[in-house]
K.L.:
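My questions all concern the structure below.
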Amino acid sequence: PAKGEGTQENKRRRDAILKASQEAISKEIIPQLCEKMALVLGERGKWDIEINPQDKFKQSYLFYYPTIYPNIKPSVMLEFGTASDVSLVQPSQVLPFIAEVFRDSLSFKPANVRALSPERTLWEKAMVLHRLHNKPEGKDIPARMARHYYDVYEMEKVGIFDKALKRSELLRQVVDSEELHFKRSGVDYDNIKYDTIRLVPMNSKIIEVLKNDYQSMQGMFFDSPPSFDQILSGLKDMEHRINILEKTLDPVNSVDLSIPSTVKAVQLAPQELTQNAKLSSPHELMGYNKGDVFIGGRMNINEKELAYM
């Protein structure tokens, strides 16, 4: 799916991608995973893999594993899909937590994976918090949503938030991607800008629900976590830093979220309208003229270049 395409065409593309994804997951990935799990855990019985009954798209599965901790849900959700934007991935190494506990007695080989950048993840979670801020009273809140508040709060502690502020164009990418693939009713995507983002719920009843949700998650922490009030206080400060972001951006290198995705070259200075300008995206726009329409990104003038942000 792509911006600029018709609604029906995008729906046709999404349906085709979804069908291909479901078949690849059920016929290739899950059978291979079960085969490998059987080699490590033995035949099914103490463990199992089944499709998530709450996933209407049939792209996520529940892996039930043996556990000795009654307070921890004995399953993890394996989420698959094809709609995610993979343009901002980076190589990462993953080690189990137990590797740190037994670092002197056990040897663990790290797994090398491709993962979305932490900066992109932060803006995606900021969108989750923004939606919950605007959630009408009386609407149910799914369990474990409090984890997103904790995650964003902790991302500030390790410097990811500061890096995300320097990649503020990612906010528009996240907004556009959600509107295209997972459009939700009641969300004004055109009005999501730096100065309108909200990270803290405005409804006291929603805050109470989230506090209870956070309390139910205490068994998931190895150390004493911050209180939910501490988290909300920290998020309020982070929200303020996002809201004033436009005022602190470099006017030359910044991205204006108020400019729609379709921008006319008539808005650009004549001296910038050189022939055969090279774009920073994988595409080149050849031989454009004043009045041409550019589709699919945010425009920015920097040293006589047109850069899609």
K.L.:
Following the transitive rule for hydrophobic clusters with a side-chain heavy-atom cut-off under 4.5 Å over Ile, Leu, Val, Met, Phe, Trp and Tyr, establish whether Ile49 and Tyr65 coincide in one cluster.
P.N.:
yes
K.L.:
Quick one, Leu122 with Leu170, criterion side-chain contact (heavy atoms from CB on, under 4.5 Å). Give me CA distance, side-chain angles, the key distance, then yes/no.
P.N.:
CA-CA 10 Å; Leu122 184 138; Leu170 297 180; over 6 Å; no
K.L.:
Give a yes or no answer on whether the side chain of Asp55 reaches the backbone of Ser60 with a donor-acceptor pair at less than 3.5 Å.
P.N.:
yes
K.L.:
Could you check Gln173 against Arg120 for side-chain contact (heavy atoms from CB on, under 4.5 Å), going step by step and ending with a plain yes or no?
P.N.:
CA-CA 9 Å; Gln173 293 183 19; Arg120 168 67 184 248; 3.9 Å; yes
K.L.:
Within the distance-only criterion (no hydrogens, no angle test), does the side chain of Arg103 pair as donor or acceptor with the backbone N or O of Ile98 below 3.5 angstrom?
P.N.:
no
K.L.:
Would you indicate whether the side-chain heavy atoms of Tyr153 and Glu156 approach each other to under 4.5 Å?
P.N.:
no
K.L.:
So for atom NZ, which belongs to Lys58, do other residues, nucleotides or ligands contribute more than 12 heavy atoms lying within a distance under 6.0 Å?
P.N.:
no
K.L.:
Identify whether the distance between the nearest side-chain nitrogen and carboxylate oxygen of Asp213 and Arg147 falls below 4.0 Å.
P.N.:
no
K.L.:
In terms of heavy-atom contacts, does CG of Asn112 have more than 12 from other residues, nucleotides or ligands at under 6.0 Å?
P.N.:
yes
K.L.:
Between Tyr214 and Tyr149, is the gap from one ring center to the other below 6.0 Å?
P.N.:
no
K.L.:
Does the pair Glu9 and Arg12 meet the rule for a salt bridge (Lys or Arg N to Asp or Glu O under 4.0 Å), with working shown?
P.N.:
CA-CA 5 Å; Glu9 173 60 20; Arg12 185 192 67 79; 2.8 Å; yes
K.L.:
Would you say the side-chain atoms of Gln90 and Ser117 include a donor-acceptor pair closer than 3.5 Å?
P.N.:
no
K.L.:
Assess whether side-chain contact (heavy atoms from CB on, under 4.5 Å) is satisfied between Leu235 and Glu239, documenting all intermediate values.
P.N.:
CA-CA 6 Å; Leu235 291 176; Glu239 178 185 294; over 6 Å; no
K.L.:
For a 4.5 angstrom cut-off between non-hydrogen side-chain atoms, does Met77 reach Tyr61?
P.N.:
no
K.L.:
Hey, is Asp15 close enough to Lys19 for a salt bridge, meaning N to O under 4.0 Å?
P.N.:
no
K.L.:
Salt bridge check: are Asp162 and Lys166 linked by an N-O gap of less than 4.0 Å?
P.N.:
no
K.L.:
Quick check: are there more than 12 heavy atoms from other residues, nucleotides or ligands sitting under 6.0 Å from CZ of Phe57?
P.N.:
no
K.L.:
Specify the closest pair of heavy atoms between Val200 and Leu232, including all atoms of both residues, with the distance to one decimal.
P.N.:
CG2-O, 3.8 Å
K.L.:
Hey, is Glu154 close enough to Lys157 for a salt bridge, meaning N to O under 4.0 Å?
P.N.:
no
K.L.:
Say whether Tyr189 and Glu178, considering side chains only, have a donor N or O and an acceptor N or O under 3.5 Å apart.
P.N.:
yes
K.L.:
Would Asn52 and Glu79 count as a side-chain contact (heavy atoms from CB on, under 4.5 Å) here? Give the steps.
P.N.:
CA-CA 9 Å; Asn52 181 5; Glu79 295 185 87; over 6 Å; no
K.L.:
Flag the pair Phe228 / Tyr150 as yes when their ring centroid distance falls below 6.0 Å, and as no otherwise.
P.N.:
no
K.L.:
Quick check: are there more than 12 heavy atoms from other residues, nucleotides or ligands sitting under 6.0 Å from CD of Gln54?
P.N.:
no
K.L.:
Just wondering, do Lys211 and Asp229 contact through their side chains at under 4.5 Å, heavy atoms?
P.N.:
yes
K.L.:
Would you kindly say whether Ser168 and Tyr194 are connected by a side-chain donor-acceptor distance under 3.5 Å?
P.N.:
yes
K.L.:
Report yes if some heavy atom in the side chain of Leu245 is under 4.5 Å from a heavy atom in the side chain of Leu165; otherwise report no.
P.N.:
yes
